[in-house]
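All of these numbers come straight from a predicted model, not from anything done at the bench. Hydrogens, waters and symmetry mates play no part in the numbers below; they use all other heavy atoms, side chains included. Whatever order the structure lists ligands and atoms in, that order sets their numbers, starting from 1.
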Amino acid sequence: MSLIKLIDFRTFSDPRGTLAVVEASLDVSFEIRRVYYLYGLSGDLHRGFHAHRELEQIAICLSGSCSFLLDDGQRRETLSLGSPHQGLRIERMVWHEMFDFSPDCVLMVLASEHYDESDYIRNYEQFLTEVNHAASP
Ligand code: TYD
């Protein structure tokens with residue numbers, strides 16, 4: 001199964017423009033405890049480089065586009081995110097990196113928990129150790 005799990009939000013379009021809806025429970029499988037967003041991003045720099053032990057997230061590129069690399073310790077997949085009506089699920093224990101930000105990129109993230117640095121794994125070797133340990137019987 002692909003690591004790339006996209007959610008299509010409902011949209012309402014008419015000559016005035018488009019309205020997209022993200023509803024708790026219906027579109028988001030976790031209780032949203034935090035929203036953060038990235039903007040003013042540098043197109044030639046990468047961000048992320050971490051996984052979360054417990055946190056679940058959904059990334060929505062509200063404006064512009066960017067690329068994601070997802071890695072579960074077994075597979076690596078990349079995708080371009082550029083539709084404001086689509087959300088990318090970033091599940092727990094998935095290493096992720098973001099790059100190729102367009103100048104107008106605004107990347108919003110819905111998160112299941114408050115910020116907690118102890119939930120981060122920022123070292124890739126440590127990530128592989130933890131994810132492979134979790135996968136073994
Ligand atoms: P960082 O993890 O480096 O960002 P990215 O994942 O995009 O590479 O976070 C940048 C800074 O912001 C860092 O000092 C931690 C802080 N931060 C918070 O205080 N609260 C938050 O909710 C987030 C996501 C980051």
Side-chain angles (χ1 to χ4, degrees):
M1 201 166 68
S2 174
L3 288 176
I4 299 168
K5 293 175 185 155
L6 292 167
I7 303 163
D8 286 309
F9 304 121
R10 278 174 304 139
T11 57
F12 299 88
S13 295
D14 63 36
R16 299 169 299 166
T18 300
L19 185 154
V21 186
V22 182
E23 287 200 75
S25 305
L26 299 178
D27 302 302
V28 181
S29 58
F30 51 80
E31 194 178 325
I32 299 167
R33 294 216 167 79
R34 178 165 51 107
V35 177
Y36 63 91
Y37 44 95
L38 310 175
Y39 58 94
L41 297 155
S42 178
D44 54 0
L45 295 182
H46 290 220
R47 300 191 65 123
F49 294 95
H50 61 254
H52 291 281
R53 296 184 174 95
E54 297 298 333
L55 190 72
E56 294 183 78
Q57 303 189 96
I58 294 174
I60 306 168
C61 201
L62 291 179
S63 169
S65 62
C66 68
S67 295
F68 268 82
L69 177 147
L70 302 178
D71 178 339
D72 69 353
Q74 306 279 330
R75 295 161 294 171
R76 301 200 125 199
E77 295 187 43
T78 58
L79 82 153
S80 175
L81 198 60
S83 299
H85 57 83
Q86 272 194 329
L88 172 67
R89 289 195 58 162
I90 306 171
E91 298 183 310
R92 53 175 70 107
M93 294 308 277
V94 172
W95 183 266
H96 50 283
E97 300 172 16
M98 298 87 83
F99 53 99
D100 277 351
F101 301 103
S102 66
D104 57 346
C105 180
V106 179
L107 183 63
M108 183 176 77
V109 182
L110 313 177
S112 65
E113 303 294 341
H114 293 155
Y115 177 73
D116 176 8
E117 185 60 35
S118 71
D119 186 59
Y120 280 71
I121 307 171
R122 292 191 184 271
N123 177 289
Y124 187 68
E125 295 305 318
Q126 175 69 20
F127 164 69
L128 288 181
T129 301
E130 291 196 29
V131 81
N132 290 329
H133 180 73
S136 62

Determine all donor-acceptor pairs shorter than 3.5 Å in which one atom belongs to a side chain in residues 104-111; sequence neighbours excluded.
from: Asp104; atom 1: OD1; to: Ser102; atom 2: OG; distance (Å): 2.6

**OH (Tyr37) with more than 12 external heavy atoms under 6.0 Å** = no
Pairs under 3.5 Å, nitrogen or oxygen of ligand 1 with protein nitrogen or oxygen:
from: ligand 1; atom 1: 2 (O); to: Arg122; atom 2: NH1; distance (Å): 3.3
from: ligand 1; atom 1: 2 (O); to: Arg122; atom 2: NH2; distance (Å): 3.0
from: ligand 1; atom 1: 4 (O); to: Arg47; atom 2: NH2; distance (Å): 3.3
from: ligand 1; atom 1: 7 (O); to: Arg47; atom 2: NE; distance (Å): 2.8
from: ligand 1; atom 1: 7 (O); to: Arg47; atom 2: NH2; distance (Å): 3.3
from: ligand 1; atom 1: 8 (O); to: Gly48; atom 2: N; distance (Å): 2.8
from: ligand 1; atom 1: 22 (O); to: Arg34; atom 2: NH1; distance (Å): 2.5

**Prompt:** Does OH belonging to Tyr115 count more than 12 external heavy atoms closer than 6.0 Å?
**Reply:** yes
**Residues in side chain to side chain contact (heavy atoms under 4.5 Å, CB included) contact with Ile4, at least two apart in sequence or another chain** = Ser2, Leu6, Leu70, Glu77, Leu79, Leu88
**Asked** Can you name the salt bridge (charged side-chain N to carboxylate O under 4.0 Å, His left out) partners of Arg34, sequence neighbours left out?
**Response** none
**Asked** Step by step, would you call Gln57 with His96 a side chain to side chain contact (heavy atoms under 4.5 Å, CB included)?
**Response** CA-CA 11 Å; Gln57 303 189 96; His96 50 283; 4.0 Å; yes
